[in-house]
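Note that the coordinates shown come from a computational prediction; the quantities given were computed from them, not determined experimentally.
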2 protein chains.
Amino acid sequence: MSEGVEWALHSCLNLAWVGPERAVTSTRLAEYYQLPAAYMNKQLQALARAGIVYSTPGPGGGFRLARALDEITLMDVVSAIEGRDEAFRCTEIRQRGPGAARGAPGDLCQIDLAMRRAELAWRRELGAQTLGEVKASVERGTPEVPVRIRSWFAAH
Amino acid sequence: MSEGVEWALHSCLNLAWVGPERAVTSTRLAEYYQLPAAYMNKQLQALARAGIVYSTPGPGGGFRLARALDEITLMDVVSAIEGRDEAFRCTEIRQRGPGAARGAPGDLCQIDLAMRRAELAWRRELGAQTLGEVKASVERGTPEVPVRIRSWFAAH
DNA sequence: GCGAACCTACTCGGATATGGGATGTCCGAGTTCTCGTGG
DNA sequence: CCACGAGAACTCGGACATCCCATATCCGAGTAGGTTCGC
């Protein structure tokens, strides 16, 4: 899985802690984790295309969350960065070669079905977890994080 | 996900239908789906390393299943081909940069935890499905498949 | 006829190329703020 | 003092390189079976 997913998830939390008043530039978000700024920008663009954040250009511009963290699931972010196609892609090799199983329209590839079942469980779990819940967990375990992040981004 | 997973899964079913008496070469298994033989061989090697199949060299050699299909889960095959490390790899970027969260040993990355939960659901589902069940589903939907495959591999 | 040694053909196994996508970088279009100027 | 316009700086957005892994290929080590030779 792409490394950008991790960056995007953390950045969404940071944007939430900073608050909706100020926009944060991709440069600042990257600096906070010592990551390449231009590449971080690329990930944020993907989030913007997916409607998770929205961007404002020019001085004082940057990125803001497009909706509350409770309305953003892990699935949303993963889809935005990784794309929407499934990990296991059935190429129907059973219909190639000499023993090609032709004809029967209702005859699905059972291997594909089984793999889809597993991937569906993954997606269901990702869709059930909102970033709001993750944020709450972090604040429960380390209460000083919100203030620290908010003040750091305010100072820069 | 690697394309080899699909090849490996289908090949395991084919090996089961051929039966344990005869060993099947990687060339034949590849020909059946019009796939590159050398690369198919590579996937079967991975299955052999994982103990799912075992190989015999020389004339009359090839691959056989190492155990019954009911004892082989989808997870086993996926692990053999793709490797055992998780798809989402937490690089702990939160501990980098100016706002590094130092100290607290019990303080885990909540994002990592959430992603692991989802991936665990995926692995659980893969581990619950055996290739024996998949084979049964195929035979229920298309009863002629076992005979066709068995005879094709017998003729070649 | 029978046994053994050799030889051939075949198969796996790992070392070796190649291509596409993830990773990383750069510059232009557009906007906002600031500063200067004129009324 | 205020309004306005030009300029500059800043930001995103997408186009352009680079690197690594999945894909694909090839050849050598080892083995089983057949063949031939000797007894």
Side-chain angles (χ1 to χ4, degrees), chain A residues 1-8 11 15 18 22-31 33-66 78-85 87-89 91 93 153 156, chain B residues 1-8 11 15 18 21-31 33-66 78 80-85 87-89 91 93 153 156:
Chain A
M1 174 169 308
S2 174
E3 195 179 4
V5 173
E6 186 183 8
W7 302 6
S11 294
L15 284 178
V18 167
R22 298 203 340 164
V24 186
T25 70
S26 57
T27 305
R28 298 288 171 265
L29 286 169
E31 275 181 10
Y33 293 125
Q34 292 179 339
L35 300 172
Y39 195 32
M40 172 66 91
N41 188 25
K42 201 179 184 66
Q43 313 299 339
L44 292 169
Q45 283 178 36
L47 291 183
R49 270 191 295 271
I52 297 175
V53 302
Y54 72 93
S55 61
T56 54
F63 293 91
R64 290 184 182 84
L65 285 176
V78 170
S79 297
I81 305 295
E82 289 282 294
R84 267 168 196 144
D85 44 348
F88 180 83
R89 179 173 55 94
T91 59
I93 59 173
F153 278 102
H156 290 76
Chain B
M1 174 169 308
S2 174
E3 195 178 4
V5 172
E6 187 182 7
W7 302 6
S11 293
L15 285 177
V18 167
E21 305 84 18
R22 297 205 340 166
V24 185
T25 70
S26 56
T27 304
R28 298 290 170 266
L29 285 169
E31 276 181 10
Y33 294 125
Q34 291 178 340
L35 300 172
Y39 194 32
M40 170 67 90
N41 187 24
K42 200 180 184 64
Q43 313 300 338
L44 292 170
Q45 284 178 36
L47 291 182
R49 271 192 296 271
I52 297 174
V53 303
Y54 71 94
S55 61
T56 52
F63 293 91
R64 289 183 182 85
L65 284 176
V78 170
I81 305 294
E82 287 282 295
R84 268 169 194 142
D85 44 348
F88 180 83
R89 178 173 54 95
T91 59
I93 60 173
F153 279 103
H156 291 75

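A donor-acceptor distance shorter than 3.5 angstrom exists from the side chain of A:R22 to the backbone of A:F153, with no hydrogens or angles considered.
C:dA15 atom C1' lies 16 Å from atom OH of B:Y39, rounded to whole Å. With rounding to whole Å, B:R64 atom CZ is found 13 Å from C:dT11 atom C1'. Atom CD in B:E3 sits about 15 Å away from atom C1' in D:dC21, given to the nearest Å. Across the protein-nucleic acid pair, B:Q43 atom CD and C:dG14 atom P stand 14 Å apart, rounded to whole Å. As rounded to whole Å, 18 Å separates atom P of C:dC26 from atom CE of A:M40. The distance between atom CG of A:L47 and atom P of D:dG14, rounded to the nearest whole Å, is 13 Å. One can place CH2 of A:W7 at 5 Å from P of C:dG24, the figure rounded to the nearest angstrom. Distance B:R89 CZ to C:dT23 C1': 12 Å, rounded to the nearest Å.
Neither OP1 nor OP2 of C:dT31 sits under 4.0 Å from any side-chain N or O of A:T56. The shortest distance between the side-chain N/O atoms of B:T25 and the OP1/OP2 oxygens of C:dC12 is not below 4.0 Å. One finds no side-chain N or O of A:T27 lying less than 4.0 angstrom from the OP1 or OP2 phosphate oxygen of D:dT11.
Taking the nucleotide of DNA chain C with the nearest heavy atom to each of A:K42 and B:F63, the more 5' of the two is matched to B:F63. When each of B:Q45 and A:P57 is assigned the nucleotide of DNA chain C with its nearest heavy atom, B:Q45 is the one assigned upstream, toward the 5' end. Comparing A:G58 and A:R49 by the nucleotide of DNA chain D that holds the closest heavy atom to each, the one mapping nearer the 5' end is A:G58.
Here the OG-CD distance, from B:S26 to B:Q43, works out to 11.0 Å after rounding to the nearest 0.5 Å. Interatomic distance, B:E3 CD to A:F88 CZ, rounded to the nearest 0.5 Å: 9.5 Å. Going from atom CG of A:L35 over to atom CG of A:N41 covers 13.0 Å, rounded to the nearest 0.5 Å.
There is a side-chain donor-acceptor pair under 3.5 Å between A:E6 and B:T91.
Residue B:P59 places its side chain closer to D:dA32 than to any other of D:dA32, C:dT32, D:dG13.
Contacts of A:S26 with the nucleic acid, taken as non-hydrogen atoms under 4.0 Å apart, involve only primed sugar atoms and P, OP1 or OP2.
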